[in-house]
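The next block holds one structure in the form of structure tokens; read it before the comments.
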Amino acid sequence: MIVISYIEWSDDTIKQFRRTLLTWYDENKRDLPWRKDTDPYHVFISEIMLQQTQVNTVIDYYLKFIEAFPTVFDLAQAPEDELMAVWQGLGYYSRARNMQAAAKQIVLDYEGHWPKTAKELEQLKGIGPYTSCAIASIAFGEVEPAIDGNAFRVFARLLKIEDDIAKPKTKTLFYNIVKKIIDPDRPGDFNQAIMDLGSSYMKAKNPIIEQSPVYEFDASGQEGTYLDYPVKTKKKPPQKIPYYAFVIKTPTGYLLEKRPQTGILANFTMFPLIKKSDVEKEAIVDYFKANYSVELAHIEVDDSQKVTHTFTHQQWQINFVKADLVRFNNANFIEVNEKELYQLNLSALQKKMNNILA
DNA sequence: AATACGTGGAC
DNA sequence: TGTCCAAGTAT
């Protein structure tokens, strides 16, 4: 049996670590728009946006979002197209829908008053173990460690934790370890300090370990093995899938498809996309008529241009097919003119295709 | 437990 | 270009 072990700190070391970390944080914390106060709505919006998304990307979206929806009541009442207008381009679009569902829960179930514990917050849509602890600690001072990618990396390096962070079980181990280390007097600042540390001196690539304010506590740093941490099994590369995107001309513009309510790029209006493996070149007209009640003419497969769009788990390799619309009878398809094609709420992929055709 | 779910930046 | 990363959650 393999025994996986890690460095354990004495109570004294833990106290010194807290003091060192928070002293550094007080003098060097990043000036971010969501750090101007600890309003739970502000913390909530920023934490949802920051899921799997870099700080630099989030800043502009956050400012626009708070301007458009200043309170949880505004968000709860927002029309979906206005919500998506602000979110478009940020990715992971179910976050936006779940966020509004959570806002409705706050308004309807809690009369606008946020619950103050991680346990209650985790019951809200889109709020999981990390986000619930982040909001509870930052907005309400609950002593809960927020275990995100930064916390995994920072504590794996400091304590030489060998467990694979890709495994769900490992999150519990880190939670229990950090629960003993987190500062009970300043839990929100402690969590945010770990994140600032993890995105600067202890970032994943090109860290500056020797200059780190907590170098004296850094076991892997001192022995020069910090790049071995955290231990994480590799994900399999995205599956390559060839697609056709259909640029269907109508007398006044283009024919677009409203995508299904579930799955990738749900609800977005886009050029119809069909896997090449689902249709032979010669059978495209029949395919559209049989599956969509859309009649096409003047099919022209264009192999000269290719758009590649990589998602987390799929890479779409897209060629265009140009065609003219004869008629259609399908509520999931809509005609848009040239102007509307650029004004709709669009995914990054559709914008990429628009730019290539422009 | 394993997979679906976006995007843009860094090297 | 390929690969990995960035404040995860839902199923």
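We name chains A, B, ... by the order of the sequence lines, and we start the count at 1 in each one. Everything numeric in this text was worked out from a predicted model, so none of it was measured.
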What parts of residues 63-81 of chain A reach DNA chain C, counting only heavy atoms under 4.0 Å away? none
Mind checking which nucleotides bracket the chain A contacts on DNA chain B, 5' to 3', with an atom under 4.0 Å from a heavy atom? B:dA1 to B:dC11
Contacts under 3.5 angstrom, residues 286-297 of chain A side chains, donor-acceptor by atom type, not counting sequence neighbours:
residue  : atom : partner  : partner atom : Å
A:Asn291 : ND2  : A:Tyr287 : O            : 2.9
A:Glu295 : OE1  : A:Arg327 : NH1          : 2.7
A:Glu295 : OE2  : A:Arg327 : NH1          : 3.1

Can you work out whether A:Leu90 or A:Lys236 has the more 5'-proximal nearest nucleotide on DNA chain B? A:Lys236
side-chain contact (heavy atoms from CB on, under 4.5 Å) with A:Lys275: of A:Leu273, A:Asp278, A:Val279, only one passes, and it is A:Asp278
Kindly give the heavy-atom pair with the smallest separation between A:Phe217 and A:Trp9, and that separation in Å. O-CZ2, 3.6 Å
Do A:Pro40 and A:Thr38 have side chains that approach each other closer than 4.5 Å (heavy atoms only, starting at C-beta)? no
According to the salt bridge (Lys or Arg N to Asp or Glu O under 4.0 Å) rule, which pairs have a member within residues 90-110 of chain A, sequence neighbours left out? A:Glu80-A:Arg97
Taking the same atom, C1', in C:dC5 and in B:dG6, what whole-Å distance lies between them? 13 Å
Please measure how far the P atom in B:dC11 lies from the corresponding atom in C:dA7, and state the result in whole Å. 16 Å
Under 6.0 Å from the CD atom of A:Glu223, do we count more than 12 heavy atoms belonging to anything else shown? yes
Heavy-atom contacts, protein to nucleotides 6-11 of chain C, under 4.0 Å, summarised as B (base), S (sugar-phosphate only) or - (none) per nt, yield BBBSS-
Check whether A:Asp164 reaches the backbone of A:Thr233 with its side chain - one donor and one acceptor, N or O, closer than 3.5 Å. yes
Taking any heavy-atom pair under 4.0 Å as a contact, classify A:Asn191: base, sugar-phosphate, or nothing. nothing
On a whole-Å scale, what distance lies between the C1' atoms belonging to B:dA1 and C:dA10? 14 Å
With A:Phe190 as reference, evaluate A:Ile181, A:Val143, A:Asp185 under the side-chain contact (heavy atoms from CB on, under 4.5 Å) test and give the passing residue. A:Ile181
Test: A:Lys64 cationic atom under 6.0 Å from A:Tyr61 six-membered ring centre, within 45° of axis: yes
Base, sugar-phosphate alone, or nothing: which one does A:Ser347 contact when heavy atoms must sit under 4.0 Å apart? sugar-phosphate
What is the nucleic acid contact for A:Ile48, judged by heavy atoms within less than 4.0 Å: base, sugar-phosphate only, or nothing? nothing
If you assign A:Asn206 and A:Gly89 each to the DNA chain B nucleotide with the nearest heavy atom, which residue ends up on the more 5' nucleotide? A:Gly89
Reckon A:Ala348 touches a base, only the sugar-phosphate, or nothing at all at heavy-atom distances under 4.0 Å? sugar-phosphate
What does A:Lys167 touch in the nucleic acid at a heavy-atom separation under 4.0 angstrom: a base, only the sugar-phosphate, or nothing? nothing
Going by salt bridge (Lys or Arg N to Asp or Glu O under 4.0 Å), name the pairs with one or both residues in residues 190-211 of chain A, residues two or more places apart or in two chains. A:Arg30-A:Asp196, A:Arg35-A:Asp196
Hydrophobic clusters here meaning ILVMFWY residues chained together by side-chain heavy-atom distances under 4.5 Å, can you tell me if A:Leu75 and A:Val58 are in one? yes
